[in-house]
Engineer: 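My questions will all concern the structure given below.
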Amino acid sequence: MSQSYERVYAQACRHARESALLSACESTLGWDERTMLPVQGAEYRAEQMAYLSGLIHQRRTDRQLGDWLGELAESPLAADPHSDAGANIRQLKRNYDRATKLPQSLVEELSRSASLGQHIWEQARRDNDFPRFAGVLAKTYELKRAQADAYGYEDSPYDALLEDYEPGERVAHLTQVLADLRDALVPLVAQIAASGRQPDQSILRRSFPTARQSEFGRKVASEIGFDFRRGRIDVTAHPFCTSLGPHDTRLTTRYDEHFFSTALFGTMHEAGHGMYEQGLPADQFGLPVGDAISLGIHESQSRMWENLVGRSESFWRHFFPQAARIFPEALADVSPEAFYYAINDVQPSLIRVEADEATYNLHILMRFELEQALLSGDLPVADVPSAWREKYKSYLGIEPENDADGSMQDVHWSAGLVGYFPTYSLGNLYASQFFEIADQELGGLHQQFERGEFVLLREWLRDKIHRHGQRYKAGELVERVTGKPLSHEPLMRHLRGKLGRLYLLPG
Ligand code: ZN
């Protein structure tokens, strides 16, 4: 009997791994589209990708797969939910059940509306034409409501959508955690503004030749532990990280000759994502145990390397002398302290992707609140610009002069990504909570960074987080690794400590 379960499990795994082959082909085409593709090639590429997505969707909703998984879920193989087989069966079944809940017509309409929506959004943003964007927004939310209804939910339709990005997370819990964060952050940001202190930002805006930025970025990525034998880095307008196979992780970055932070911190961010991918068990590629848990956990890895490591004083004790050698014209007369202060400048701003470590989360909070109001229908689409301005005014003390720098700044809503934004803040929260424990368990990370040692942290992350793939849900993993449920406190301790010293805040 148990032998026959083993056979069914092997068949289900083979089925999933074959789907992963197709997905990896799709990802390869997607990577090429965003890095290399000539303009005129876009149309045929869209056809290739749509064809592959159709095949993948068919496979993922294959009734035969569903029968196998139904049988396996009741079998002794699934008894231990944290074993490889138990976790793979649970997650494959969950994915199958979700995929089959959506009618084919809705899947197609969501995909059509996302690609058309992005196209209209680009033009509407360029022309600062909110009424044009409003049509896209109304359509998006109508379809997302239908999608939430098809998935089903207990408390809030938002829960059903959140499940696509942060499985197991619920709006009631998230609201509490983010409200705690907001209540602690808003006064901190106000205190910083009232301090009247400001670093000299101009030192980051001198001339940093692209070729040398690229050399420095590769050096940093490699020293912190990104494996270039199993990955590469290329250039794009919008940086991302993607895996094309178990030993092929692609990072991208972008360069601004007159702003140091863009490329280096972008590279470290994507390298953090990349090291997570490289730490997943390669022999489970194509199965849930070989795959990342959630967007929030993924983002915790990128934010940790970008902010908690890359914007730390100890990191620059090690790297600043090298940076000064590589960029002598720009940095010869700059002290490491002035540089460290400049890369940690806190300033309320209108654009999320340019926000600093502290104010960033307030941009997310507003989107989270607006998304729920839009989904429930409490906020009519036409009122989005005024609601946006009100929230920016109350959280950050500033408001946009136009909608292009307001509610039209991000691609997410037009691309049908509702419930995605909170995963950015979850990433920041998880990152600080993990980092605090790693620091305790590894006996002082900053002393290690000063000596240029990053391998212990990377190995700790690999052991505690990466190698488990989807064995645990995000919330479970946080409790297992840190002994506590998710909290805003580690992030606030980090921000208060660092910014308190830089801005000479009382207390
Ligand atoms: Zn990221």
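As a basis for the values below, the full set of heavy atoms in this structure was taken, side chains included, without hydrogen atoms, waters or symmetry mates. Read the numbers this way: they start at 1 and go in the same order the structure lists the ligands and their atoms.
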Engineer: Donor-acceptor pair, distance only, cut-off 3.5 Å: does the side chain of Q433 make one with the backbone of K484?
Structural biologist: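 It does hold such a pair.
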Engineer: Any idea which N/O/S atom from E299 gets closest to the Zn ion (ligand 1)?
Structural biologist: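 Closest N, O or S atom of E299 to the Zn ion (ligand 1): OE1.
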Engineer: Can you tell me the N, O or S atom of H269 that's nearest the Zn ion (ligand 1)?
Structural biologist: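 Checking each N, O and S atom of H269, the shortest distance to the Zn ion (ligand 1) belongs to NE2.
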Engineer: Between F449 and F435, how do the two ring planes meet: parallel, tilted or perpendicular, split at 30° and 60°?
Structural biologist: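 The rings of F449 and F435 sit tilted, inter-plane angle from 30° to 60°.
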Engineer: Output yes if C241 passes the N/O/S-under-2.8 Å test against the Zn ion (ligand 1); output no otherwise.
Structural biologist: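 No N, O or S atom of C241 is closer than 2.8 Å to the Zn ion (ligand 1), so no.
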Engineer: Is it true that atom NE2 of H446 has more than 12 heavy atoms of other residues, nucleotides or ligands lying nearer than 6.0 Å?
Structural biologist: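 Result for NE2/H446: enclosed.
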Engineer: Of all the heavy-atom pairs spanning I224 and F454, show the shortest one and how long it is.
Structural biologist: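 Looking at all heavy atoms of both residues, the shortest contact is CA-CB, 3.9 Å.
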